[in-house]
Amino acid sequence: MNKLKASVSNEGKFPRIDANLSGGCGLAVNLSIIFDEPRRHDIILENKGVQIRIDHFTKRYLNEEIHIDYTDEQGFLLGEHFESGPCTIEMT
Amino acid sequence: MVEYNELIFEMSRQGRIGSSLPESDVDKVDLHDKLPAHLIRDMPAELPEVSELQLIRHYTALSNKNHGIDNGFYPLGSCTMKYNPKINEDVARFEGFSRIHPYQPVETVQGALKLLHELQEDLAEVTGMDAVTLQPSAGAQGEWTGLMMVKAYFEQKGEKRIKVLVPDSAHGTNPASATVAGFKTVTIPSNEDGLVDLAELKKHVGHDTAALMLTNPNTLGLFEKDIVDIAKVVHEAGGLLYYDGANANAILGKTTPGNMGFDIVHLNLHKTFTTPHGGGGPGAGPVGVKEKLIPYLPVPRIEKENDQYVLNSHHPLSIGRVKGYYGNFGILVRAYTYIRTMGPVGLRQVSESAVLHANYLRKKLEPYFESPYSQYCKHEFVLSGSRQKKLGVRTLDMAKRLLDFGYHPPTIYFPLNVEECMMIEPTETESKETMDAFAEAMIQIAKEVEENPDVVLEAPHTTIIGRLDEVQAARQPILRYSKEE
């Protein structure tokens with residue numbers, strides 16, 4: 001949370017949980033934390049004084065609980081179970 | 001109209017049958033006398049018990065729910081969903097083609113072998129190659145076959161080359177085929193114009209480079225204008241140039257991969273040469289090669305000796321057989337028919353119209369969507385949904401909304417180097433009216449995103465089943481039917 005707060009003040013943008021798709025013959029959903037501008041109809045979650053944005057599209061891909069972690073090596077990590085392929089839902 | 005939405009298993013009624021067989025005159029056999037106990041089912045298989053009429057109605061109803069090129073526009077970029085002329089089907093059903101057997105002596109199938117031999121020559125001419133094999137049964141198998149020939153070629157020369165270079169816009173099958181063939185893949189980034197970055201290519205090419213795999217035009221629909229320099233860089237390092245023929249529809253009759261400097265080509269007959277797109281087959285992915293690779297072609301090769309066509313397996317450097325018999329013959333007959341029907345002038349018109357159509361549609365849609373590459377495209381083009389993303393609507397939402405207009409959506413989220421990508425390929429067989437109507441639908445959706453986004457976010461509205469929950473399907477897939485579930 002401290003790292004998120006620091007990033008907000010440094011970047012001047014808002015943290016967001018964002019689903020990005022990559023496709024072709026299948027479809028993979030990659031969830032990540034990014035910092036960007038507000039989007040229309042964003043859902044705003046607040047935790048320990050930090051506001052995190054989610055757009056409606058991304059919300060489809062999130063479970064009720066989602067964990068956020070940070071390591072110096074990998075940056076922000078996002079997932080339900082980090083042990084088993086965090087950040088990605090493969091749909092092929 | 002009655003909708004048949006039940007699974008065929010749900011329609012089942014005990015004892016109902018679709019055919020009447022005479023009483024068996026064979027004594028009943030006790031399975032336990034014939035098979036080990038662990039191979040005998042505990043319970044009968046839950047096979048559906050339906051009448052013949054129920055069966056016909058069920059599968060006819062299912063086929064009517066399908067979307068195909070025969071009932072609607074299908075601008076699936078890179079897949080070349082163009083019309084498959086029905087004359088192809090007529091010819092493939094000729095008894096002389098459909099009722100022969102691969103085990104017949106070759107002297108009794110000379111006509112079929114002549115057709116295959118002529119198709120090899122036609123495809124060699126179209127691609128600028130020196131010889132062609134028709135054996136591979138799909139584009140991806142063609143890639144693998146080509147790469148196995150690359151491997152055999154360097155092994156014969158005593159060179160250890162382990163790397164295959166692929167641009168970041170490549171079809172996913174390219175790195176996959178290279179990996180399966182035992183190579184290490186290296187990704188070459190595109191430059192800001194969406195083309196192979198020549199400086200990056202030079203950095204990665206070396207004495208361990210086996211091949212560069214490239215499709216031209218590339219998956220962004222852009223012609224690699226530096227292709228001569230690209231070929232020079234790879235050849236000077238001793239590597240080979242592999243052409244992925246997925247986009248050959250854009251160059252048919254105008255130029256050839258051979259002219260561009262390629263050494264190996266695979267073609268997807270279901271794309272450029274109007275054979276049916278099968279859900280897994282049967283297909284055909286012929287491979288053409290330059291002279292230095294001919295010894296490595298799969299066997300048996302169809303050759304002409306005096307006035308006879310023969311199947312020749314006496315090629316000691318061959319990589320061997322890659323497919324049972326000689327390929328999917330019925331598919332090859334369809335491609336041959338298409339080439340004969342079109343002729344050289346017709347094939348040239350194919351690529352000219354395909355390119356014209358793509359640019360026409362691109363120009364109509366550019367004001368409403370981000371267009372990451374503004375230059376003229378070839379047979380397909382990419383748009384980005386990044387403008388709509390800022391308004392909370394994604395490309396996937398817009399693709400779902402297109403279903404309400406009766407269109408199959410474009411390819412989405414590919415190539416990977418374009419944000420919220422839509423890859424659109426109208427093909428040469430569509431009319432101006434169809435493309436105009438599709439453009440109007442896309443423009444309406446772009447306006448809905450601004451004015452009434454919920455109608456897009458909740459799409460589709462007119463399909464039998466609404467928005468599918470792909471997340472649940474990925475997390476909790478139910479892959480078989482059983483009464484208990």
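Chain naming here is simple, since letters A, B, ... match the order of the sequence lines and numbering starts at 1 in each. This structure is a prediction, so every number in the text was calculated from the model and none was measured.
- Most heavy-atom pairs under 4.5 Å with chain A: of the set B:C421, B:P453, B:G77, this distinction falls to B:P453.
- Residues A:T58 and B:R394 share a closest heavy-atom pair of OG1-NH2, 3.5 Å.
- Minimum interatomic distance between A:R60 and B:L457 (heavy atoms only, all atoms of both residues): NH2-O, 2.8 Å.
- Between the CG atom in B:L396 and the CZ atom in A:F57 there is a gap of 4.5 Å [rounded to 0.5 Å].
- Under a cut-off of 6.0 angstrom, the local environment of CD in B:E192 is sparse, with at most 12 non-hydrogen atoms contributed by other residues, nucleotides or ligands.
- B:E420 touches chain A through its side chain: at least one heavy atom from C-beta onward sits under 4.5 Å away, while N, CA, C and O do not.
- No donor-acceptor pair closer than 3.5 Å links the side chain of A:R40 to the backbone N or O of B:V393.
- In this structure, B:E419 places its CD atom where more than 12 heavy-atom neighbours from other residues, nucleotides or ligands lie under 6.0 Å away.
- Ion pairing of B:K389 with A:D18 is present here, as a side-chain N (NZ or NE/NH1/NH2) and a carboxylate O approach within less than 4.0 Å.
- Residues A:L21 and B:Y413 approach most closely at O-CD2, 3.2 Å, considering heavy atoms.
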